[in-house]
Number of protein chains: 2
Amino acid sequence: MEKIVIVEDDVFLREELQNILEKEGYSVECISSFDNSLEDIVSASPSLVVLDLNLPKLSGFDICRGLKAKGMGPILVLTSRNRLRDELHALNLGADDYLTKPFHPKRLIARIQKLLHLYANMQVLLDAGDFQLDEKINVLYVGKNSIPLSENEGIIMKALVKASPSVVKKEELFNLLWGSSDYVDENILQVNMTRLRKSLDKVELSNRIKTVRGIGYQLIRGD
Amino acid sequence: MEKIVIVEDDVFLREELQNILEKEGYSVECISSFDNSLEDIVSASPSLVVLDLNLPKLSGFDICRGLKAKGMGPILVLTSRNRLRDELHALNLGADDYLTKPFHPKRLIARIQKLLHLYANMQVLLDAGDFQLDEKINVLYVGKNSIPLSENEGIIMKALVKASPSVVKKEELFNLLWGSSDYVDENILQVNMTRLRKSLDKVELSNRIKTVRGIGYQLIRGD
DNA sequence: TTAACACTTACAGTTGTTGTAAGGTTTGTA
DNA sequence: TACAAACCTTACAACAACTGTAAGTGTTAA
């Protein structure tokens, strides 16, 4: 379940927000003490933060900037002010969307879903130094070229990239591909490795996968 | 071809950058007069901006903030300073990546490609009010659910969403699907509409596509 | 040299997508 | 109401992509 943190000092609005979001199936956590709100929010590691700009101690702007500096995900800013200046300011500080009070619950939900989807889409580019792998659609980008990988090829490649330059054990690949390590036929993994290498050959990357005899496979960095 | 704008006052570095990027196949435009650099950059409408932080008139920070406020795409910040504070500041102002001089050309290229890919991936979520369509992988998001669409279903849905609430002419759909309007069989479009509706039915959205007798089809907004 | 390990290729089953064909349903008008 | 045009639905077959099986070939290290 996706967790959302609400940063809001007004009790009524806070509880209303919590209601709306929990009804929608989100796990909600509220920040009401604003002494060390930044740490509280980060340690909750939510999928999204709903942040009011008008807060007692820290200004919402500061929290926004602080959160983004710590690599926090999507932030939806809430405010009663209706000034373009504030909106631009917040967006520049890293807020991802902006909603003016009063707002319709459906609009809030829609914005939140949009942000969550957007962020889910963003973090799919796995970096391997001189090439990137789109985890979502299994497309490998090398320079200006790109090649599509099949599902199995993608699973293997993801494991190799994430582990690189360590070795990925055969057993782990069996687990990832067929959900079990009590495999019957060792050959099927070799077949899939051959297929992956043949695909990588199209972008002259096949020699980057090394076999570690008796153990598994390894992606060599080529940065 | 993707266009990159370079904002750099040092002549030597500027020309080196231009060289590197053009060799890589990008179309490069340099900003050397910094009187109204913001307007110059925006009017060039580049795919990416390489921005030096140390500039004569405006500070790089100001340009960065200004560009992001105008909805500019990816910004890669370049600097000789090696201070965390600057980096955080720039990233908070909207810069998407950060490179310290001196840098290796390959690293610069890699970062640029990464940013371009990331942004290319970001703008795939087509908004239709109460649901979203991922143009890239043809997945439709409704609330917490999602359904995959086939290639043809995706093409039709994209056209409907983009045109909504206007009517999409049958002829246009024929063009999008089969690249020609001198179609032989009218039925094949109906079959594909049926299939799309059946898919949409899984998320109770099929009644949103209305038939406009003799003309085409229409997506009704449900916001 | 040899046995374990790894690689390659061809084949067939499965699945998803698409166009064709045939027949049924709806709609507007006379 | 009758009817024809427009639209809808379903079943079928062709096709392509992906995957596992099987059989044979190549490589490595003791």
Side chain to side chain donor-acceptor pair (under 3.5 Å) partners of B:Glu22, counting only residues at least two apart
B:Gln18
Thinking salt bridges, do B:Arg221 and B:Asp130 make one under a 4.0 Å N-O criterion?
no
Tell me whether the side-chain N or O atoms of B:Asn187 pair up with the base of D:dT9 as donor and acceptor below 3.5 Å, since no angle test is needed here.
yes
Think B:Thr194 has a side-chain N or O under 4.0 angstrom from the OP1 or OP2 of D:dT10?
no
Nearest nucleotide by nearest heavy atom, which residue falls closer to the 5' end of DNA chain C, B:Ile188 or A:Gly216?
A:Gly216
Residue set satisfying side-chain contact (heavy atoms from CB on, under 4.5 Å) with B:Ser150, at least two apart, ordered chain then number -> B:Asn152, B:Glu153
Could you check whether B:Thr211 gets within reach of a base, just the sugar-phosphate, or nothing at all, counting any heavy atom under 4.0 Å?
sugar-phosphate
Below 3.5 Å between N/O atoms, which protein atoms pair up with nucleotides 10-12 of chain C? Just atom names and distances, please.
none

Rounded to whole Å, the CD-C1' distance (B:Gln190 to D:dA5) equals 11 Å
For DNA chain C, find the residues of residues 151-158 of chain B with a heavy-atom distance under 4.0 Å and give them by number; none if there aren't any.
B:Glu151, B:Asn152
Output the rounded distance in Å from CG (B:Leu189) to C1' (C:dG19).
13 Å
So, using side-chain contact (heavy atoms from CB on, under 4.5 Å) as the criterion, who are the partners of B:Asp201 when residues are at least two apart?
B:Ser206
N/O-N/O pairs, protein side and nucleotides 25-28 of chain D side, under 3.5 Å:
unit_1 : atom_1 : unit_2   : atom_2 : d
D:dT28 : O2     : A:Arg213 : NH2    : 3.4

D:dC7 P sits how many Å from B:Gln218 CD, rounded?
14 Å
Side-chain N or O of A:Tyr217 closer than 4.0 Å to phosphate OP1/OP2 of C:dC5
no
Please tell me which of the listed nucleotides, D:dG20, D:dT10, C:dA6, lies nearest to the side chain of A:Asn192?
D:dG20
For A:Arg197, the side chain to side chain donor-acceptor pair (under 3.5 Å) test, sequence neighbours excluded, returns A:Thr211
Judged by atom type as modelled, is there a donor-acceptor pair below 3.5 Å linking the side chain of B:Gln218 to the main-chain atoms of B:Pro165?
yes
Specify the separation, in whole Å, of atom CD1 of A:Ile209 and atom P of C:dC7.
10 Å
side-chain contact (heavy atoms from CB on, under 4.5 Å) partners for A:Glu15, two or more places apart
A:Val11
Measure from the side-chain heavy atoms of A:Glu186 and tell me the nearest of C:dA6, C:dT18, C:dT9.
C:dA6
Whole-Å distance separating the CD1 atom of B:Ile137 from the P atom of C:dT17
13 Å
Does D:dG20 have OP1 or OP2 sitting under 4.0 Å from an N or O in the side chain of A:Trp178?
yes
Pairwise side chain to side chain donor-acceptor pair (under 3.5 Å) hits with a residue in residues 42-53 of chain A, at least two apart:
A:Glu2-A:Ser47, A:Asp52-A:Lys101
Under 3.5 Å, is there a donor-acceptor pair between the side chain of A:Ser164 and the main chain of A:Leu160?
no
Smallest heavy-atom separation, A:Ile188 atom then A:Asn192 atom, equals O-ND2, 2.9 Å
Rounded to whole Å, how long is the line connecting atom NZ of A:Lys210 with atom C1' of C:dC7?
15 Å
Sequence neighbours excluded, the answer for side-chain contact (heavy atoms from CB on, under 4.5 Å) partners of B:Lys158 is B:Leu126, B:Leu133, B:Glu135, B:Asn138
Identify, with sequence neighbours excluded, every residue that meets salt bridge (charged side-chain N to carboxylate O under 4.0 Å, His left out) alongside A:Lys3.
A:Glu29
How many Å lie between CZ on B:Phe174 and P on C:dG19, as a whole number?
10 Å
Without decimals, in angstroms, what is the distance between A:Leu200 CG and C:dT8 P?
12 Å
Side-chain N,O (A:Lys198) to OP1/OP2 (C:dT8) below 4.0 Å:
no
